[in-house]
Asker: 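Pasting a structure here, questions to come.
Chain letters run A, B, ... following the sequence lines, proteins first and then strands; every chain starts at 1. Owing to the predicted nature of the structure, the values given are computational and were not obtained by experimental measurement.
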Amino acid sequence: MAEKLTKQSVDYPRWYQEVVLQAGLADYAPVKGCMIIKPYGYTLWENMQRELDRMFKETGHVNAYFPLLIPESFMKKEAEHVEGFSPELAVVTHAGGKQLEEPYVIRPTSETIIWDTYRKWIQSYRDLPLLINQWANVMRWEMRTRLFLRTTEFLWQEGHTAHATAEEAQDETLRMLEIYRRFAEDYMAVPVITGLKSEREKFAGAVSTYSIEALMGDRKALQAGTSHNLGQNFAKAFDVTFLNAEGEREHVWATSWGVSTRLIGAIVMAHGDDDGLILPPRLAPIQMVVVPIYRSDEEQETTVSAARALVEQLIRAGVRVHLDDRDQLRPGWKYAEWELKGVPIRVELGPRDVANASARLAFRVDREKRDVPLAELPALAQELLDETHRKLFDRALKFREENTFRVDSWEEFQERLDEPGGFLYAHWDGTSETEEAIQNATRATIRCIPLDDDLEDGVCVYSGKPSRRRVIFAKAY
RNA sequence: CGGGGCGUAGCGCAGCCCGGUUAGCGCGCCUGCUUCGGGAGCAGGAGGUCGGAGGUUCAAAUCCUCUCGCCCCGACCA
């Protein structure tokens, strides 16, 4: 804990790794590529789950749970799905001391087992729509892993819905994309761009994939959530049909959508600085930490009891507050530690403050210090947290805008991408060949075709062929 | 899979090239005193089969062979 962090400007990946470990979000596991999510990190995840779960339920979804193990044959039923996921499957071949007749794969995502099940659940248009979400762990044997951003096993939610029409499925796809956008911006304080994925980048088995894309502190992009319109691909692969009102048999239309513990990585990299994490107040495990300050035993008695009283009032005001009354640590040490852990607001309570009936607040987001009357603090707390949220969001948005460029020539594209990086709005001829060529030349990929962008005639920055709109290129995680 | 690095106390490391007393250092931990408004000081103390196996040698953390694991950088991916 006492080690100093590597500065972001010196080595960003190293900073990331150190801050995740030192702030107590996660630890390495004995298994390659896996991590142990520690209580502080898991509480953050629980807070994210709670809000997302509420949003899903408000839009008519219910939770269910499907098995971890999937018969291997299921994975082979949808052609693109097989191709996309085969290389990263973990397979169980032995159990109960015997070799299994059919191996089981550990789910990398649950479309197949869910659509196998939906076949039994759906007969009529009256059974639709079917709006189910599950909170689960999944496993993908990636070649290279990074804490939270890409681990072999990760936690996520996956929604799987079934609809009677293509229009309904498309509406659902966009509805959930919008929920992800709202969650990212209103809770994580991370501004995101919503858009459509290119053919190359879309989900294996989808008709179309939409995503929210965020810009990290090192000016690289992070895909923070995806929503897929699966069309009738899985319904056909698993023979899921229904009778419509006219008595005709049709294949069901599907969507799936998910966000994962990767979002924790997004929070770390969107907001963190050289002193550590900066957690968005609406998700922070600890929103305010109260540090009593004293020299003598009498002062300790005075400030600690004042702190206890304050903490009680703050809890009643709905604040997630922590009292740091550890006697063996000095205040300066505690300040540094809570800053590393990204607590939005620190409340310092010393003899002078108690005498003045005030509290000294220190804001993590901008280091501002402010004295507030003790009696007013509980009533003021939510507003202060909201203010912090806005500052965080505004700063992240400003950063993104400062690192977003419209580029019109291949030279400019390469230069900007190299230094400083960021989002590049550029014309693209719409072909996978060009996309691949650009990736090979620069390591940049098309993050998305933004939804809220106007059409504009131009020529492809790489091939010079005609283009109808700009797309966003960036180096990505 | 290619490239690089690392396994020595809870954590971070030195020692290894050039073998040789009881294997060190910092942080943390325990005890005591003084401290406490930006990462405290002093004194005392506990804590190790040096990743594993085999070999060379009078003697191996150190040399040789094999092996296991993890991390970082790239290619693949949420």
Asker: Under 3.5 Å, is there an N or O donor on one side and an acceptor on the other linking the side chain of A:E339 and the base of B:G38?
Answerer: yes

Asker: Just to verify, what does A:A336 make a side-chain contact (heavy atoms from CB on, under 4.5 Å) with, not counting sequence neighbours?
Answerer: none

Asker: Any idea which of B:C76, B:C36, B:C72 is nearest the A:Q439 side chain?
Answerer: B:C76

Asker: If you assign A:Y477 and A:K369 each to the RNA chain B nucleotide with the nearest heavy atom, which residue ends up on the more 5' nucleotide?
Answerer: A:K369

Asker: Taking atom C1' in both B:A46 and B:U31, compute the distance separating them and give it to the nearest angstrom.
Answerer: 11 Å

Asker: Partner of B:U22 by Watson-Crick or G-U wobble geometry, both contacts under 3.5 Å, or none?
Answerer: none

Asker: Taking atom C1' in both B:C68 and B:G28, compute the distance separating them and give it to the nearest angstrom.
Answerer: 30 Å

Asker: Identify which nucleotide among B:C76, B:G37, B:G39 has an atom closest to any side-chain atom of A:E348, counting heavy atoms from C-beta outward.
Answerer: B:G37

Asker: If pairing requires Watson-Crick or G-U wobble contacts with both distances under 3.5 Å, which nucleotide is the partner of B:G2?
Answerer: B:C73

Asker: Would you kindly give the CD-to-P distance between A:E298 and B:C36, to the nearest whole Å?
Answerer: 13 Å

Asker: Under 4.0 Å between a Lys/Arg side-chain N and an Asp/Glu carboxylate O for A:R54 and A:E58?
Answerer: yes

Asker: Can the ring centres of A:W428 and A:Y462 be said to be less than 6.0 Å apart?
Answerer: no

Asker: Here's a test of your reading of the structure: between A:N440 and A:Q17, which maps to the more 5' nucleotide of RNA chain B?
Answerer: A:Q17

Asker: Across the strands shown, which category fits A:D353 at heavy-atom distances under 4.0 angstrom: base, sugar-phosphate, nothing?
Answerer: base

Asker: Just checking A:L222: base, sugar-phosphate only, or nothing, at a heavy-atom cut-off of under 4.0 Å?
Answerer: nothing

Asker: Atom OH of A:Y16 to atom C1' of B:C72: distance rounded to whole Å?
Answerer: 15 Å

Asker: Please report, rounded to the nearest Å, how far the P atom of B:C13 is from the CD atom of A:E18.
Answerer: 10 Å

Asker: When the P atoms of B:C42 and B:C25 are considered, how many whole Å apart are they?
Answerer: 15 Å

Asker: Going by purine N1 to pyrimidine N3 plus the second Watson-Crick contact, or the G-U wobble pair, all under 3.5 Å, which nucleotide sits opposite B:A40?
Answerer: B:U34

Asker: B:G7 pairs with which nucleotide, Watson-Crick or G-U wobble, both distances below 3.5 Å?
Answerer: B:C68

Asker: Within this structure, what is the CE-NE2 distance for the pair A:M55 and A:H61, rounded to the nearest 0.5 Å?
Answerer: 12.0 Å

Asker: B:C71, OP1 or OP2 - any side-chain N/O from A:R146 closer than 4.0 Å?
Answerer: no

Asker: Can you tell me, in whole Å, how much space there is between the P of B:G69 and that of B:G52?
Answerer: 15 Å

Asker: Side chain to side chain contact (heavy atoms under 4.5 Å, CB included) for A:H163 and A:T255? Distances and angles first, verdict last.
Answerer: CA-CA 8 Å; A:H163 305 266; A:T255 82; 3.9 Å; yes

Asker: Does A:R443 put a side-chain nitrogen or oxygen below 4.0 Å from OP1 or OP2 of B:G74?
Answerer: yes

Asker: Pairs under 3.5 angstrom, nitrogen or oxygen only, protein versus nucleotides 40-43 of chain B, please.
Answerer:
residue	atom	partner	partner atom	Å
B:A40	OP2	A:R330	NH1	2.1
B:A40	O4'	A:R330	NH1	3.0

Asker: Using a cut-off of 4.0 Å on non-hydrogen atoms, how would the nucleic acid contact of A:G33 be classed: base, sugar-phosphate, or nothing?
Answerer: sugar-phosphate

Asker: Rounded to whole Å, how long is the line connecting atom CG of A:L361 with atom P of B:G38?
Answerer: 17 Å

Asker: Between the base of B:G38 and the side chain of A:R346, is there any donor-acceptor pair under 3.5 Å?
Answerer: yes

Asker: Round to a whole Å and report the spacing from CG of A:L329 to P of B:G28.
Answerer: 10 Å

Asker: Quantified in whole Å, what is the P atom distance between nucleotide B:G48 and nucleotide B:G38?
Answerer: 39 Å

Asker: Under the salt bridge (Lys or Arg N to Asp or Glu O under 4.0 Å) criterion, do A:R326 and A:E337 qualify, and how do the steps go?
Answerer: CA-CA 13 Å; A:R326 291 174 294 178; A:E337 184 183 24; 2.6 Å; yes

Asker: Determine the contact category for A:P13: base if any of its heavy atoms lies under 4.0 Å from a base atom, sugar-phosphate if only primed atoms, P, OP1 or OP2 are that close, otherwise nothing.
Answerer: sugar-phosphate

Asker: Please report whether the ring centroid of A:H81 lies less than 6.0 Å from that of A:F203.
Answerer: yes

Asker: Provide, to the nearest angstrom, the distance between the CG atom belonging to A:L349 and the P atom belonging to B:C36.
Answerer: 18 Å

Asker: Can you find a side chain N or O atom of A:Y28 that sits less than 4.0 Å from OP1 or OP2 on B:C72?
Answerer: yes

Asker: Can you pull every protein N or O that's under 3.5 Å from an N or O on nucleotides 67-69 of chain B?
Answerer:
none

Asker: Does the plane of the ring in A:W15 sit parallel, tilted or perpendicular to the ring in A:Y12? Use 30° and 60° as the thresholds.
Answerer: tilted

Asker: Using the P atoms only, state how far B:A14 lies from B:G26, rounded to an integer number of Å.
Answerer: 15 Å

Asker: If the P atom of B:G15 is compared with that of B:G5, how far apart are they to the nearest Å?
Answerer: 16 Å

Asker: Hey, what do you get for CZ (A:F85) to CD (A:E78), rounding to the nearest 0.5 Å?
Answerer: 10.5 Å

Asker: Between the side chains of A:D11 and A:Y16, is a donor N or O closer than 3.5 angstrom to an acceptor N or O?
Answerer: no

Asker: Classify A:T151 by what it touches in the nucleic acid, base, sugar-phosphate, or nothing, heavy-atom distance under 4.0 Å.
Answerer: base

Asker: Looking only at atom P, what distance separates B:C13 and B:A9, rounded to whole Å?
Answerer: 11 Å

Asker: Tell me which nucleotide, if any, is Watson-Crick or G-U wobble paired with B:C17 when both distances must be under 3.5 Å.
Answerer: none

Asker: Taking atom types as modelled, is there a side-chain donor on A:D53 or A:W135 under 3.5 Å from an acceptor on the other?
Answerer: yes

Asker: Provide, to the nearest angstrom, the distance between the CG atom belonging to A:L21 and the P atom belonging to B:C72.
Answerer: 9 Å

Asker: Do the two ring centres, one from A:F413 and one from A:F473, sit under 6.0 Å apart?
Answerer: yes

Asker: Tell me the interatomic distance from A:K341, atom NZ, to B:G38, atom C1', rounded to whole angstroms.
Answerer: 19 Å

Asker: Any strand is fair game: report the nucleotide pairing with B:U49 by Watson-Crick or G-U wobble, both distances under 3.5 Å, or none.
Answerer: none

Asker: For the side chain of A:E337, starting at C-beta, report the closest nucleotide among B:G39, B:C72, B:G38.
Answerer: B:G39

Asker: For the side chain of A:M143, counting heavy atoms from C-beta on, which of B:A75, B:C71, B:C36 is nearest?
Answerer: B:A75

Asker: Can you see whether A:Q439 engages A:T445 through a side-chain donor-acceptor pair at a distance of less than 3.5 angstrom?
Answerer: no

